[in-house]
Amino acid sequence: MTARIAVLASGRGSNLRALLDYLHALGSARGGDVVFCASDHPGAGALAVAAEHGVEGIVLPRSDPDGSGLLCTLREQAVDLIVLAGYLRLVAAQVIRAFVGRIINVHPALLPAFGGRGMYGERAHRAVLNAGVRVSGVTVHFVDGDYDRGQIIAQWPVPVYADDNTATLAARVLRVEHALLPRVVDAVASGRIALDTEGRVRGALPRERAATFVFDAPESTLARDIDTALGA
Ligand code: GRF
């Protein structure tokens, strides 16, 4: 049986698209299906991406401070796994408690640096450029009660060049998000990666393998390298 995945997204939905396309390409080998996409913005591109793919779109209530509305929807739809794909709201504590080890977030920088409240999208890339670091990247992690915290499942580095601006860096990072997030989601959905009872990640991207990346590799090589690193 495949896991039932809910995607929460506030923005344009390119990560949702990458996930849907990846799971579709895996066919019967996929570990999960996206059962709905929920957004806090009625006009979010993610809802249009969901509709294009025949996936239900849900607009979240403007105010749901304790997450009861969201939790109710997740339960009604028998959701197994929640993916935050560019979701800007903090997930309420009771939802996090109900889904320990079953919420995944993608962040467009190497956490724990350049993360936390307000550090999303262009702001994260701006902070990376201002700090003058030479390497940024993508982090996929389990979600706990705070912004961009929780056990790291996978990180993939991306170079920062001297002439980068937020747009060029964001594009280079996004390409890796699109390759890494779907693979990690499928691995968690199928049980190859899990959070154990001690709160440690089992089956995560091995640390030594994360150093085998190829900067600016062509699409096919990037995907293959990530597959190899995840042991797929
Ligand atoms: C991505 O960079 C994601 O990491 C960040 O917001 C962006 C969302 O992009 N948190 P999209 O909506 O998936 O296109």
Side-chain angles (χ1 to χ4, degrees), residues 5-24 32 34 36-53 55 57-60 81-91 96 103-130 133 135-144 146-160 164-186 188 205 219 222-223 226:
I5 302 169
V7 175
L8 306 191
S10 303
R12 90 202 116 170
S14 69
N15 275 294
L16 170 65
R17 185 188 298 283
L19 176 61
L20 291 168
D21 290 347
Y22 182 73
L23 295 176
H24 180 74
V34 178
F36 69 83
C37 169
S39 182
D40 49 335
H41 287 299
L47 293 174
V49 171
E52 256 176 60
H53 287 75
V55 169
I58 295 174
V59 179
L60 294 169
L81 181 63
I82 304 170
V83 177
L84 309 183
Y87 185 62
L88 302 182
R89 265 196 208 169
L90 190 65
V91 178
I96 297 201
I103 312 180
I104 295 171
N105 182 44
V106 60
H107 184 75
L110 294 178
L111 295 174
F114 309 112
R117 196 185 178 89
M119 197 64 92
Y120 56 85
E122 195 190 332
R123 295 195 200 186
H125 300 303
R126 165 77 49 217
V128 164
L129 292 174
N130 287 345
V133 295
V135 181
S136 189
V138 176
T139 303
V140 182
H141 63 100
F142 285 116
V143 172
D144 68 10
D146 212 341
Y147 281 103
D148 299 326
R149 290 252 313 273
Q151 287 281 307
I152 290 171
I153 306 169
Q155 291 190 304
W156 205 262
V158 170
V160 182
D164 265 334
N165 54 45
T166 54
T168 56
L169 179 58
R172 195 174 308 117
V173 168
L174 193 64
R175 190 171 74 100
V176 175
E177 292 181 54
H178 293 167
L180 191 60
L181 178 67
R183 286 168 171 77
V184 171
V185 170
D186 184 64
V188 174
L205 188 88
E219 215 70 50
L222 175 67
I226 293 173

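Counting starts at 1 for both ligands and their atoms, in listed order. Treat the numbers as computed from the prediction; the structure is a model and nothing was measured. Because only heavy atoms are used, hydrogens play no part in the values below, and waters and symmetry mates are left out as well, while side chains stay in.
- For A46, the heavy-atom gap to ligand 1 stays at 4.0 angstrom or more.
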Go through the steps to decide whether H24 and L20 satisfy the test side-chain contact (heavy atoms from CB on, under 4.5 Å), and finish with yes or no.
CA-CA 6 Å; H24 180 74; L20 291 168; over 6 Å; no
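- For the residue pair Q155 and L111, the shortest heavy atom distance occurs at NE2-O, 2.9 Å.
- Here's the thing with E177: one of its N/O atoms is less than 3.5 angstrom from an N/O atom of ligand 1.
- Among protein heavy atoms, the minimum distance from atom 9 (O) of ligand 1 is reached at R12 NH2, 3.2 Å.
- With respect to V91, the side-chain contact (heavy atoms from CB on, under 4.5 Å) criterion is satisfied by exactly one of I82, N105, D144, L84: L84.
- Taking CD of Q151 as the reference point, atom CD1 of I104 lies at 13.5 Å (rounded to 0.5 Å).
- For the pair R183 (side chain) and A179 (backbone), a donor-acceptor distance under 3.5 Å is present.
- Near G13, meaning under 4.0 Å from one of its heavy atoms, ligand 1 places the atoms 11 (P), 12 (O), 13 (O), 14 (O).
- Of the candidates G86, S39, A124, G86 brings a heavy atom nearest to atom 8 (C) of ligand 1.
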